[in-house]
Amino acid sequence: MKTPFYITTPIYYVNAQPHLGHAYTTIIADVARRFHEMCDQPTFFLTGTDEHGDKIVRAARREKMSPRAYADKVSAQFQALWPKLNIDLSRFIRTTDPGHQLVVKQILQKIYDSGDIYFAEYEGLYCFGCERFYNERELVDGLCPDHQTAPELIREANYFFRMSRYQQWLIDHITAHPDFIRPERYRNEVLAFLREPLEDLCISRPKSRLQWGISLPFDDRYVTYVWFDALINYVSALGYPDGEDFATFWPQVQHIVAKDILKPHGIYWPIMLKAAGIPVYQHLNVHGYWNIDQSKMSKSLGNVVDPLHLKDIYGLDPFRYFLLREMNFGLDSSFSEEQLVARINADLANDLGNLFSRVTAMAHKYHGGRIPAPDPAVEADLKLSLQAEAWKTIEAYTAAMHEFAFHRAVQMVWDFISQMNKYIDVTQPWVLAKDKRARPQLDAAIYNLLEGLRVVSGLIYPVMPDTAASMQRHLGLDPAERFYDLEGLKAWRGLPPGSVLPKTVALFPRIDWPPKPTATAAAADTPLAAPAFKPQISYEDFSLLDLRVATVLKAEAVPKAKKLLKLEIDVGERRTIVAGIAGSYAPEDLIGAQIVVVANLKPAKLMGVLSEGMLLAATGEEVTALATVTRPMPPGTPLR
RNA sequence: GGCGAUGUAGCUCAGUUGGUCAGAGCAUGCGGCUCAUAUCCGCAGUGUCCGGGGUUCAAUUCCCUGCAUCGCCA
């Protein structure tokens, strides 16, 4: 059996909804898994959710839910997303799974027994509002920055993991295995960090402060905190210590993380494994961040532009292609709709899609829709074979994929696509088709192009599985036949001459950019009914508005008017304004409220009452909500 | 505040150990083809390789420093 391949994403913390970053990490894991499937290796692909901790307790409280119910809700959102991104998981783990909790306890006990966990007391400045310790630098004038209260000096005892004992071992391991952490920049970062003495890691919280966690097996008064709970999912998911999957897939494991959690995965986790007597992982693959360029996103989806929604507009495969092609693995990249469309048009529609279209169209036109049989002698004499180029492409692609250099792997495929476009230009099949004596040349040219497309269809499978299958069908093959198998792709002349090609298709339609308003509104198919955005204005335009905080002094209904209230306000001076908010606010509820008004709007009479300004409010279908400020401000304070 | 990373053509970025390394794609301009989703092919540019020092016969590439951006930690 070939070497197994086990790939993980971090388990995502359920204090936030899934976003582009989560999607990217999980998509590249899916791509890596599919690639190793091409290599005929057994694969296991794990992702999941991290659900314990005080942040979850607080988020749950805000939504008036139990931590469990809250975690269930957000975890379900993650689980629901992956199939929509064509992500093919082996297992979705949750840190609240009983099996996981058991393994966490087993490993904690094992390390405790071997003496690498100890109990210690310390004191620090604690804010009861935030439920956390602060150090003096974080305080503002000695006060908690959130609560403006003085933190209290309290003593607390906790359990600590003796990481320092393994510092030198880790340095040696990283030095001996140069690609243990990759790309290299992150390896260097970890080594730089390890030049300083490693502090022991606090791994518990007393239950007086936090109950939403896994109890320590050796002290029931505590729960374990963050890293022992979270990182252990990578082994618990396989059924450590005796599970069959653990025996098969560990330690053939590669982790994928974003750069923000380099330290826990590059330092804590290998040391935890070492201390627990478990072999360490093969590679830690670290990627960068997506910076979202709001200015280059169309506003067709309303005011919130969620990159994940773009897959519904432009298609999942193009979306996956863009993420893989655009980000240089390890570095930050920028994301915008404009760039996405540019990639789709240039790479997918013009290069690949048009190549596929022109080749299959010629096969129909010149060969009646049947795959021609090339004469090997003619092929060799006139150097018409694309086999060498295909072979080089597969080699370079494979090497890049093994290194997690996805952008380079994809580029290799597109280099080959470009070679095929040139090949058509040079061989000029439309000229050959006019000359009966050139028939063998034409057969060889079209066959080689079709065969090249077969290779391309296999190579794009990890990134664009649906498109790959579609190309296969249109080459007259059955996608169910593991067409992406790497050995099969290397074997030239995989297409049987004489077989029938289905009607040709346009794989990727070109996209108009910027979008035509009517077209996008229909395509967006979005429940958000926010009105279209107004044209851009300059800051100077904006500064013409005189927006002020005002306090409501008196409020009463305007006689005979259903919606109008007459307000006496203080905007630094006393004024009267009229507002159409009677449907949503009772006059008595507004007394003392702070609102935002346009103070330099030309006065107007409404139902006979002079209004000297206008208040700001969000006007919905049913209700209206007043704009206000989040803390009391003196009346007349300008807004900008 | 400490540690680290990044800063190269209008845009997005390649540049493995210092000496044809000043590049690619997109965008722009011009030319060619017609099989193809007005697609493809060819040609043409533009750059204080972030600023300032230093090492060297020679630095985008090494060292120091400043600025900007990002991440981690505090």
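Residue numbers start from 1 in every chain, and the chains themselves are labelled A, B, ... in the order their sequence lines are given, proteins ahead of strands.
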Do A:Glu403 and A:Arg408 sit within salt-bridge range, that is, some charged N less than 4.0 Å from a carboxylate O? yes

So that I know where these two stand, are A:Phe228 and A:Phe161 an aromatic pair - ring centroids less than 6.0 Å apart? yes

Any chance the rings of A:Tyr234 and A:Tyr281 have centres within less than 6.0 Å? no

Side-chain donor-acceptor pair under 3.5 Å between [X] and [Y], yes or no?
X: A:Tyr225; Y: A:Asn158; value: no
X: A:His287; Y: A:Thr25; value: yes
X: A:Glu51; Y: A:Thr49; value: yes
X: A:Glu326; Y: A:Ser333; value: no

Pairing partner of B:C73, by Watson-Crick or G-U wobble and under 3.5 Å for both distances, is B:G1

Pairing partner of B:U34, by Watson-Crick or G-U wobble and under 3.5 Å for both distances, is none

Pairwise [atom1] distance for [N] and [M], with rounding to whole Å:
N: B:G45; M: B:A22; atom1: P; result: 15 Å
N: B:U6; M: B:G15; atom1: P; result: 11 Å
N: B:G7; M: B:G47; atom1: C1'; result: 15 Å
N: B:A59; M: B:U17; atom1: C1'; result: 14 Å
N: B:U37; M: B:U46; atom1: P; result: 37 Å
N: B:G1; M: B:U61; atom1: C1'; result: 31 Å
N: B:U16; M: B:G23; atom1: C1'; result: 15 Å

Just checking [X]: base, sugar-phosphate only, or nothing, at a heavy-atom cut-off of under 4.0 Å?
X: A:Ser333; result: sugar-phosphate
X: A:Glu196; result: nothing
X: A:Ala361; result: sugar-phosphate
X: A:Tyr366; result: sugar-phosphate

Atom pairs under 3.5 Å: protein N/O with N/O of nucleotides 8-10 of chain B:
none

Please list, one pair per line, the donor and acceptor atoms closer than 3.5 Å that link side chains of residues 409-426 of chain A to other protein atoms, with sequence neighbours excluded.
from	atom 1	to	atom 2	distance (Å)
A:Trp414	NE1	A:Asp347	O	3.0
A:Asn421	OD1	A:Arg358	NH1	2.8
A:Tyr423	OH	A:Leu384	O	2.7

side-chain hydrogen bond (donor to acceptor under 3.5 Å, both in side chains) evaluation trace for A:Asp200 with A:Tyr118: CA-CA 10 Å; A:Asp200 292 342; A:Tyr118 63 92; 2.7 Å; yes

Return no unless some side-chain N or O of A:Asn188 is found under 4.0 Å from OP1 or OP2 of B:A5. no

Distance from A:Tyr12 atom OH to A:Asn15 atom CG, nearest 0.5 Å? 14.0 Å

If I take atom [atom1] in residue [X] and atom [atom2] in nucleotide [N], what distance separates them, rounded to the nearest angstrom?
X: A:Arg182; N: B:U16; atom1: CZ; atom2: C1'; answer: 16 Å
X: A:Leu125; N: B:A74; atom1: CG; atom2: P; answer: 15 Å
X: A:Trp290; N: B:U12; atom1: CH2; atom2: P; answer: 13 Å
X: A:Arg187; N: B:A5; atom1: CZ; atom2: C1'; answer: 16 Å
X: A:Gln411; N: B:G25; atom1: CD; atom2: C1'; answer: 8 Å
X: A:Met420; N: B:C35; atom1: CE; atom2: C1'; answer: 15 Å
X: A:Leu262; N: B:U6; atom1: CG; atom2: P; answer: 14 Å
X: A:Tyr186; N: B:G4; atom1: OH; atom2: P; answer: 15 Å

Residue list, ring-ring contact (aromatic ring centres under 6.0 Å, His included) with A:Phe406, at least two apart or on another chain: A:Phe329, A:Phe404

Using the ring of each side chain (for Trp, its six-membered ring), is A:Trp169 parallel, tilted or perpendicular to A:Tyr166, with breaks at 30° and 60°? perpendicular

Can you check nucleotides 70-73 of chain B for protein contacts, nitrogen or oxygen pairs under 3.5 Å, and list what you find?
from	atom 1	to	atom 2	distance (Å)
B:C70	O2'	A:Lys259	NZ	3.1
B:C70	O2'	A:Asp332	OD2	3.3

Got a sec, which residues hit side-chain contact (heavy atoms from CB on, under 4.5 Å) with A:Val226, two or more places apart in sequence or on another chain? none

Along RNA chain B (nearest heavy atom to each residue), the more 5'-positioned of A:Leu507 and A:Ala192: A:Ala192

A:Asp347 or A:Gln339: which one's nearest nucleotide on RNA chain B is closer to the 5' end? A:Gln339

Set out, line by line, the N/O atom pairs under 3.5 Å between protein and nucleotides 39-42 of chain B.
from	atom 1	to	atom 2	distance (Å)
B:U39	OP1	A:Arg510	NE	2.6
B:U39	OP1	A:Arg510	NH2	3.3
B:U39	O5'	A:Arg510	NH1	3.3
B:U39	O2'	A:Asn350	O	3.4
B:U39	O2'	A:Asn354	OD1	3.1
B:U39	O2'	A:Asn354	ND2	2.2
B:C40	OP1	A:Asp351	OD1	3.2
B:C40	O2'	A:Arg358	NH1	3.2
B:C41	O4'	A:Asp425	OD2	3.3
B:C41	O2'	A:Asp425	OD2	3.3
B:G42	OP1	A:Lys422	NZ	3.4

